[in-house]
J.: 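Would you mind keeping the following structure in view while I ask a few things?
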Amino acid sequence: MHTKVLQQGLWALLLWPHLFTVSVPLECRDDQASLARCPSISQEKLLDRVIHHAELIYRVSEESCSLFEEMFIPLPLRLQSNQGGYACITKALPIPSSKSEIQQLSDKWLLHSVLMLVQSWIEPLVYLQMTLDRYDHAPDMLLNKTKWVSEKLISLEQGVVVLIKKMLDEGAMTTTYSEQGAFQYDVQLEMLEYVMRDYTLLTCLKKDAHKMETFLKLLKCRQTDKYNCA
């Protein structure tokens, strides 16, 4: 028990400077104004800041997944999850995953795909924060990282909406996909099922955060070198 406490303290000591660095909000100027209220920012600068924000979200979600795995998931259960027994909540979204298909997406669909991914994760992360409170010995670092990602996804959503208005001169596109009921709560799960469900959420969040980052960087590349974006 003493060793585990020391390990958690060491995690906090090592990662605290990093958390302080990445917790800077997505802003359009040096003040605390929201991106959604700052239409004067240039399209290029806005895209750069949205990309940077997506990079940080991916990095922190990756750290959260690794920390959860080390604390709660023994190796056999990791292998079980890797075998595809648990589906990601965004599986039904009309977003391609192969490199060749992604390359064929228009700028419009790249932006709207990022927005769909961001919006699909806002509610599940609220759920995840509640369930993590049920764990014994869940480190504060894990809880703080999950809360950070949840808050910054909302900020990223605002930034992408503004970017859509600037680049496409339109509002968010409506799709046939319905967010309502896409994520179902189940209070009857056993503890092991809770653990595996939360692990799946964190694993899928990491994958989707990487997609957001990839799509935005492809969009950036097309603005500068349209014919050489791999």
Side-chain angles (χ1 to χ4, degrees), residues 1 3-12 14-16 18-19 22-23 25 53-54 56-93 95 115-157 177-213:
M1 178 67 181
T3 302
K4 183 174 291 187
V5 172
L6 285 176
Q7 289 175 340
Q8 294 177 9
L10 183 59
W11 264 99
L14 291 174
L15 295 178
W16 172 251
H18 171 67
L19 267 185
V22 302
S23 62
H53 214 61
L56 294 177
I57 288 174
Y58 171 59
R59 189 190 311 168
V60 176
S61 64
E62 187 176 37
E63 291 169 356
S64 300
C65 187
S66 297
L67 182 56
F68 187 92
E69 190 174 80
E70 292 172 9
M71 292 290 298
F72 302 111
I73 309 295
L75 183 58
L77 291 181
R78 297 180 201 178
L79 295 175
Q80 179 182 346
S81 178
N82 289 336
Q83 290 172 354
Y86 299 85
C88 290
I89 59 172
T90 54
K91 184 179 180 181
L93 288 176
I95 299 174
L115 186 60
M116 280 192 289
L117 287 170
V118 171
Q119 292 175 338
S120 296
W121 276 105
I122 291 175
E123 182 184 353
L125 278 177
V126 172
Y127 155 83
L128 186 59
Q129 290 178 69
M130 293 189 298
T131 60
L132 287 176
D133 285 335
R134 302 175 183 174
Y135 287 69
D136 293 329
H137 312 300
D140 289 340
M141 184 61 65
L142 178 60
L143 301 175
N144 291 338
K145 284 177 180 289
T146 305
K147 181 179 179 181
W148 184 91
V149 173
S150 181
E151 292 172 351
K152 299 314 168 185
L153 274 175
I154 296 174
S155 182
L156 180 59
E157 177 190 23
Y177 174 76
S178 173
E179 290 184 52
Q180 188 73 24
F183 184 76
Q184 300 296 328
Y185 301 95
D186 190 344
V187 297
Q188 303 299 323
L189 294 177
E190 297 293 335
M191 190 61 197
L192 178 59
E193 292 174 309
Y194 268 121
V195 172
M196 291 307 298
R197 180 171 186 171
D198 294 346
Y199 181 46
T200 299
L201 281 174
L202 286 168
T203 301
C204 293
L205 172 63
K206 178 179 70 172
K207 292 177 181 178
D208 285 343
H210 188 253
K211 274 187 180 180
M212 297 174 206
E213 178 187 347

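The figures that follow rest on heavy atoms only: side chains count, while hydrogens, waters and symmetry mates do not.
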J.: How long is the gap from CG on D208 to OH on Y58, to the nearest 0.5 Å?
T.: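 Spacing of CG (D208) from OH (Y58) equals 11.5 Å.
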
J.: If you define the side chain from C-beta out and look only at heavy atoms, does anything of S61 sit under 4.5 Å from L202?
T.: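 No, too far: nothing below the 4.5 Å cut-off.
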
J.: Give, for atom OG of S64 and atom NZ of K147, the distance between the pair rounded to the nearest 0.5 Å.
T.: 14.0 Å

J.: Looking at side-chain heavy atoms only, is the closest gap between F72 and L142 below 4.5 Å?
T.: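 Yes, side chains in contact.
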
J.: Just how far is it from atom CZ of R197 to atom OG1 of T131, taken to the nearest 0.5 Å?
T.: 8.5 Å

J.: How long is the span from the CG atom in L153 to the NE2 atom in H53, to the nearest 0.5 Å?
T.: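 So the CG of L153 and the NE2 of H53 are separated by 8.0 Å.
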
J.: Give the intermediate values and the outcome of side chain to side chain contact (heavy atoms under 4.5 Å, CB included) for residues K152 and L56.
T.: CA-CA 9 Å; K152 299 314 168 185; L56 294 177; over 6 Å; no

J.: Is any side-chain heavy atom of L125 closer than 4.5 Å to one of L205?
T.: yes

J.: Specify the closest pair of heavy atoms between Y135 and V195, including all atoms of both residues, with the distance to one decimal.
T.: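 Looking at all heavy atoms of both residues, the shortest contact is OH-CA, 3.2 Å.
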
J.: Rounded to the nearest 0.5 Å, what's the gap from OG on S66 to CD1 on I73? Could you check?
T.: 12.0 Å

J.: Output all residues satisfying salt bridge (charged side-chain N to carboxylate O under 4.0 Å, His left out) with E213, sequence neighbours left out; order by chain, then residue number.
T.: K217

J.: Q129: what forms a side chain to side chain donor-acceptor pair (under 3.5 Å) with it, not counting sequence neighbours?
T.: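 Result, side chain to side chain donor-acceptor pair (under 3.5 Å) vs Q129: S150.
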
J.: Using every non-hydrogen atom in the two residues, find where I89 and S120 come nearest and quote the distance to one decimal.
T.: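 Nearest pair, atom of I89 first, then S120: CD1-O, 3.9 Å.
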
J.: Between L156 and M212, is any pair of side-chain heavy atoms under 4.5 Å apart?
T.: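 Side chain of L156 against side chain of M212, heavy atoms only: contact under 4.5 Å found.
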
J.: Could you measure the distance from the CD1 atom of I95 to the CG atom of L117? Nearest 0.5 Å is fine.
T.: 3.5 Å

J.: Answer yes or no: is there a side-chain heavy-atom contact under 4.5 Å between L143 and D133?
T.: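 Contact flag for L143/D133 side chains = yes.
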
J.: With a 4.5 Å limit on heavy-atom distance, are the side chains of T203 and T200 in contact?
T.: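 Result no, sub-4.5 Å side-chain heavy-atom pair not found.
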
